[in-house]
Structures are given as structure tokens and as C-alpha cells.
Peer 1: 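So that we are looking at the same thing, I have put the structure below in C-alpha cells.
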Amino acid sequence: TANGTRQHQWTINDFEVGAPLGRGRFGHVYCVREKKSKYIVALKAIIKDQISTPRLAKQLISEISIQSRLKHPNILRLYGFFHDDQRIFLLLEYAPGGELYRRMQKEKILRESEAAGYVYQLCNALSYLHSKQIIHRDIKPENILIGVYGILKLADFGWSAERTETNKRTTLCGTLDYLAPEMLNGSGYDEKIDLWCLGVFTYEMIVGKPPFDSQTQQDTIRLIRTNELSFPQAASNHARDLISQLIRRNPSERMPLNEVIQHQWIIENANMKAIDENYEKINKST
Ligand SMILES: Cc1nn(C)cc1-c1nc2c(-c3cnn(Cc4ccccc4)c3)c(Cl)cnc2[nH]1
């Protein structure tokens with residue numbers, strides 16, 4: 001590789017394949033163990049034939065090139081990749097806590113202390129990505145895993161985009177519930193789109209459904225456009241205040257990440273000391 005370390009040429013025979021962990025659009029993810037080191041990783045197997053258009057190939061290359069360069073405790077590591085005749089294999093960090101959205105389905109709503117802890121960690125991950133001119137664009141529970149010590153792991157960079165000089169991108173992507181208004185009026189967008197999604201994500205964690213959840217897609221789009229936000233009784237005033245400062249139709253009015261982590265709701269609910277100590281623990285072990 002560039003820094004001179006020899007990139008090992010992996011083959012599937014280097015691994016003992018264990019339980020299937022999940023399935024995405026293009027293939028399955030397995031829990032596997034590397035035979036020599038006994039290291040447990042997640043192996044994402046993508047069927048080459050499924051990458052049927054240049055656009056999909058470009059998206060996969062973008063996922064690999066972006067994620068392999070990223071090293072942050074709240075971003076799922078891509079350790080390497082290899083391929084055989086039929087499949088492309090991605091060697092991903094294994095997250096023992098599984099997918100956050102399954103936890104949300106089970107718990108319905110999360111305690112504000114747990115939700116605030118995830119928002120704090122997501123802010124750290126997004127600040128890191130934005131400092132590298134990378135926009136995630138697809139922040140939603142399905143793309144978040146839980147690692148060791150309950151640490152949040154942002155995954156699935158299939159939709160990320162590197163901000164080019166044109167700055168404004170217009171490709172439509174992501175589920176409707178998380179769609180930002182600037183995606184609907186085609187005015188292009190920049191990294192502030194991740195702030196909108198952060199607001200939608202925070203709302204969904206403590207309310208149990210996204211803010212513009214409707215019977216039909218048209219209604220969801222109408223609500224995103226008219227930006228009607230309503231909260232149940234249980235939502236605390238600080239939570240309402242933070243969410244209302246992120247879910248703003250005008251991207252420049254959204255609260256920047258460095259202010260989010262200093263917001264009263266985060267200060268009062270996120271156990272930042274414990275989270276920072278967990279960062280220390282994994283830094284020592286990696
Ligand atoms: C599920 C599950 N239960 N437990 C206890 C742990 C896990 C776990 N899953 C993962 C997973 C994992 C699995 N599926 N997915 C969803 C997916 C699949 C294919 C393409 C895109 C997205 C991710 C990973 Cl990458 C990395 N680590 C994982 N850990």
C-alpha cells in the first residue's frame with residue numbers, strides 16, 4: 001500500500017465462515033474468523049453479477065475507497081478487500097452489538113440518556129467525515145451498528161459522497177423519512193444534509209417513529225416540505241429544542257455539530273466521560 005506496508009492478499013480460505021449476520025441489497029454478511037490470528041471480522045460478500053451497472057460499480061468503488069481511508073472509533077473499519085471469480089469480499093470490523101434499528105424495533109423508544117449518547121458519538125463521527133470533505137448522506141438506524149462497550153459504529157458507505165468543487169450534489173438517495181427538503185427541491189446539498197438526518201434520527205430514537213412518518217410517500221414529502229414538527233408529551237424540552245434546531249428547512253439555520261455536543265440535552269443526558277473512556281479502551285486494544 002501507499003505507506004509501504006505489504007497489503008496481504010487474502011483469500012476466502014484464510015477464514016472460517018460462521019453465522020450469517022445480515023443481508024444487504026448486493027449480498028450477505030458473515031461473521032468469520034481469520035485462521036492464523038483468530039481475529040473475528042464481518043465478511044461482506046458481494047455477487048459480482050449483481051453489480052450490473054457502471055453506476056453500481058462506481059458506488060462500490062466509492063464505498064471501498066472512502067471507508068478504507070477512515071479510522072475513527074465511531075466509524076466501522078474496512079480492513080481490506082479481495083475477490084474471486086464470482087464475488088467481491090469486504091473485510092469489515094465486527095460489531096458484537098448488532099444493528100441499532102433492531103434494538104429500536106425491540107425497545108420501541110430509547111431512554112434519552114442512551115439516545116443522547118448515540119447523538120454525541122454520531123457528532124464525533126460526522127465531524128471526522130466532514131473534516132475529510134465526506135458527506136454520509138444516509139444517516140439512519142439501518143446504517144448504525146453497536147460495537148464493543150456499546151460504542152456506536154456508523155456503517156454502509158454505499159451512499160456517501162466526496163464533496164467535489166461543485167459542492168452541490170443532486171443525486172436522490174436514502175429513505176424518504178430521512179430525506180432533507182433540499183433533496184426535494186433539487187437545489188443540491190452539502191454536508192449540512194447530515195445535520196437534518198441527525199435531527200430526524202434523534203427524533204426517531206426518543207419518539208419511536210420518524211417526524212414525518214405518514215401513510216403515503218406523498219404525505220411524507222408534503223410534511224418534509226411544510227416542516228410540521230410535533231412532539232409527544234414524553235419528549236423533554238431540551239430534546240425538543242435540539243431536534244427543532246437540526247430539522248430546519250434552511251440548511252444554514254441548522255445547529256453546527258460543535259454546538260450540538262454542547263447543547264443542554266447532550267450535557268445533561270449523554271455520559272460523555274464514560275464514552276470517552278471507552279474510546280481510550282479501544283485505542284489501546286487496536
Ligand atoms: C446482526 C448482528 N447480530 N449481532 C449480535 C451482531 C450482528 C452484526 N451484524 C454486523 C454487520 C452487518 C450485518 N448485516 N449488515 C447489514 C448489511 C448487510 C449487507 C449489506 C449492507 C448492510 C451489517 C456488520 Cl457489517 C458488522 N458487524 C456486525 N455485527
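Keep in mind that the numbers below use all heavy atoms, side chains included, and drop hydrogens, waters and symmetry copies. In each ligand, atom 1 is the first atom listed, and ligand 1 is the first ligand listed. Just so it is clear, the structure is predicted and the values come from calculations on it, not from any experiment.
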Peer 1: In terms of residue, atom name and distance, what is the protein heavy atom nearest to atom 12 (C) of ligand 1?
Peer 2: Val29 CG1, 3.9 Å
Peer 1: Roughly how far, to the nearest 0.5 Å, is CD1 of Ile267 from CD1 of Ile261?
Peer 2: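 Rounded to the nearest 0.5 Å, the CD1-CD1 separation comes out at 8.0 Å.
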Peer 1: For the residue pair Phe82 and Phe89, categorise the inter-ring angle as parallel (less than 30°), tilted (30 to 60°) or perpendicular (more than 60°).
Peer 2: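 The rings of Phe82 and Phe89 lie parallel, inter-plane angle below 30°.
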Peer 1: Would you mind running through ligand 1 and noting each atom that sits below 4.0 Å from a heavy atom of Gly98?
Peer 2: 2 (C), 3 (N), 4 (N), 6 (C), 7 (C), 8 (C)
Peer 1: Does the gap between the ring centers of Tyr178 and Trp196 come in under 6.0 Å?
Peer 2: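 That pair fails the under 6.0 Å test.
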Peer 1: Treating Ile, Leu, Val, Met, Phe, Trp and Tyr as nodes and any side-chain heavy-atom pair under 4.5 angstrom as an edge, say whether Ile46 and Ile61 lie in one connected cluster.
Peer 2: no
Peer 1: Yes or no: does His28 have any heavy atom under 4.0 Å from an atom of ligand 1?
Peer 2: no
Peer 1: Please confirm whether Lys281 makes a cation-pi placement over Tyr149, using NZ or CZ under 6.0 Å from the six-membered ring centre and within 45° of the ring normal.
Peer 2: yes
Peer 1: With atoms numbered from 1 as shown, which atoms in ligand 1 lie under 4.0 angstrom from a non-hydrogen atom of Glu99?
Peer 2: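 Every atom of ligand 1 under 4.0 Å from some heavy atom of Glu99: 15 (N), 16 (C).
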Peer 1: Establish whether atom 16 (C) of ligand 1 and some protein heavy atom are separated by less than 4.0 angstrom.
Peer 2: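 So atom 16 (C) of ligand 1 has protein heavy-atom neighbours under 4.0 Å.
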Peer 1: Going by distance alone, is a donor N or O of one side chain under 3.5 Å from an acceptor N or O of the other, for Asn74 and Tyr279?
Peer 2: yes
Peer 1: Under 4.0 Å from ligand 1, counting heavy atoms only, is it the side chain of Cys31, its backbone, both or neither?
Peer 2: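 The answer is neither.
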Peer 1: I want to confirm something. Looking only at heavy atoms, which of Lys44, Glu63, Glu93 is nearest to atom 26 (C) of ligand 1?
Peer 2: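 Checking each option, the heavy atom nearest atom 26 (C) of ligand 1 is found in Glu93.
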Peer 1: Show me which atoms of ligand 1 lie under 4.0 Å from any heavy atom of Gly22.
Peer 2: 13 (C), 14 (N)
Peer 1: side-chain contact (heavy atoms from CB on, under 4.5 Å) with Asp177: which of Ile224, Leu223, Asp213?
Peer 2: Asp213
Peer 1: What are the atoms of ligand 1, with element, lying closer than 4.0 Å to any heavy atom of Pro96?
Peer 2: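 Going through ligand 1 atom by atom, the ones under 4.0 Å from Pro96 are 4 (N), 5 (C), 6 (C).
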Peer 1: Taking 4.0 Å as the limit for heavy-atom contacts, which would you say applies to Ala95 with ligand 1: side chain only, backbone only, both, or neither?
Peer 2: both
Peer 1: Closest by any non-hydrogen atom to atom 13 (C) of ligand 1: pick that one out of Leu145, Leu21, Leu76.
Peer 2: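 Looking at heavy atoms only, the winner is Leu21.
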Peer 1: Considering only the protein, which heavy-atom contact is closest to atom 19 (C) of ligand 1, and what is its distance?
Peer 2: Gly24 N, 3.0 Å
Peer 1: May I ask you to test the Met255-Leu195 pair for a side-chain heavy-atom distance under 4.5 Å?
Peer 2: no
